[in-house]
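Residue numbers start from 1 in every chain, and the chains themselves are labelled A, B, ... in the order their sequence lines are given, proteins ahead of strands. No experiment lies behind these values; they were computed from the predicted model shown.
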There are 2 protein chains.
Amino acid sequence: MQQERTLSIPGNFGETRRLQPDVFARDCPTRQLLDRVADKWSVLILLTLGSESMRFNGLKRRIQGVSQKMLSQTLRSLERDGLVTRRIEPAVPVIVIYTITPLGRGLLGALQSMIDWAEACMIEVAAAQNDYDKRQASV
Amino acid sequence: MQQERTLSIPGNFGETRRLQPDVFARDCPTRQLLDRVADKWSVLILLTLGSESMRFNGLKRRIQGVSQKMLSQTLRSLERDGLVTRRIEPAVPVIVIYTITPLGRGLLGALQSMIDWAEACMIEVAAAQNDYDKRQASV
DNA sequence: CAGCATCCATGACGATACTG
DNA sequence: CAGTATCGTCATGGATGCTG
């Protein structure tokens, strides 16, 4: 069964408006969603959890350079958006395991493509930057 | 001919190190690249230019809510990275046309997938947020 | 181990005004 | 039209110290 891609939103007078999702529209919820998902730490976290569930410090080790503040902050956002679940195992000390949800898994392909592109093109991009900077310097 | 995906970087003693690109490494250039590309305005600009070249104010109209500051700033970054070109046609007033490069075009698939996912899943995500907020309120 | 609370600096970003 | 320049605000994000 194909789900209709519209969103019901209560209007000013209680009626429901049917909204076509459009990320180019200023107030479309997809805009906020894009802002969340198009984020360095979100991308790296989701990709990591895509290959295996992991504990907090595991993620911290894997994603080099992330502070625990950004890590816990981003994890909470992802949990709130339903892309990641947080499971607590009663132990001393406590064990917390983060797992990607099926919803989050649906995003994985796109994210991996982005990374693949970045890893494949970084040399060309670096060259382009060099060119650009040289041209600017000569002006 | 398959290009090797390594990057030559001058080391401390003048030798060249062969680096495997790894976005999880703190200092890999792909990390900066990811930060650029995983950006709301970059995504929207590239997608727009993916379907047609466009002038500054055309972009501004299409991408609702972008300020001219962020637009020109992001365009300059994208130009520097070699993902977009800027062509000036001598006229009065001047005409400036932005076009996506083949390099940038290679990223389009991934970005479109991201948007498709966002538009498809925004309802589920909104529901998840609701759930989460309710659970938080009851604690 | 898995965080939260706090402080603080830098930078992101929008609004506004101005230019060729 | 296609921007640049400047200002003020708010958020981002690292560093540090503390908790159960």
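- The distance from atom CG of N57(A) to atom C1' of dA2(C) is 7 Å, rounded to the nearest whole Å.
- From R55(B), atom CZ reaches atom CD1 of I95(B) across 4.5 Å, with rounding to the nearest 0.5 Å.
- Considering only side-chain N and O atoms, S72(A) lies under 4.0 angstrom from the phosphate OP1 or OP2 of dC4(C).
- Listed for the R31(A) side chain is a donor-acceptor partner under 3.5 Å among the backbone atoms of V23(A).
- Of the candidate nucleotides dA2(C), dG13(D), dC1(D), dC1(D) has the atom nearest to the side chain of P93(B).
- Whole-Å rounding puts the K69(A) NZ to dT10(C) P distance at 15 Å.
- With rounding to the nearest 0.5 angstrom, the CG atom of L111(B) is 11.5 Å from the CD1 atom of I45(B).
- Ionic pairing of D133(A) and R80(B) is present here: one or more N-O contacts between side-chain nitrogen and carboxylate oxygen are shorter than 4.0 angstrom.
- Distance, L71(B) CG to dA12(C) P: 16 Å, rounded to whole Å.
- With rounding to whole Å, K40(A) atom NZ is found 14 Å from dA12(C) atom C1'.
- Rounded to an integer number of Å, the gap from CD of Q32(B) to P of dG11(C) is 14 Å.
- Here the P atom of nucleotide dG3(D) and the CD atom of Q68(B) are 11 Å apart, to the nearest Å.
- Between R55(A) and the phosphate of dC1(C), there is no side-chain N or O to OP1/OP2 separation shorter than 4.0 Å.
- Along DNA chain C, the nucleotide nearest R86(A) and the nucleotide nearest R26(A) are compared for position; the residue whose nucleotide lies closer to the 5' end is R86(A).
- Y98(A) has a side-chain polar atom (N or O) that falls below the 4.0 Å cut-off from OP1 or OP2 of dG3(C).
- A cation-pi arrangement is present between R62(B) and F24(A) under the rule of less than 6.0 angstrom and at most 45 degrees off the ring axis.
- As rounded to whole Å, 11 Å separates atom C1' of dA15(D) from atom NZ of K60(A).
- Place R76(A) and R61(A) on DNA chain C by their nearest nucleotides, and R61(A) ends up nearer the 5' end.
- Regarding F56(A), its CZ atom lies at a distance of 18 Å from the P atom of dT19(D), rounded to whole Å.
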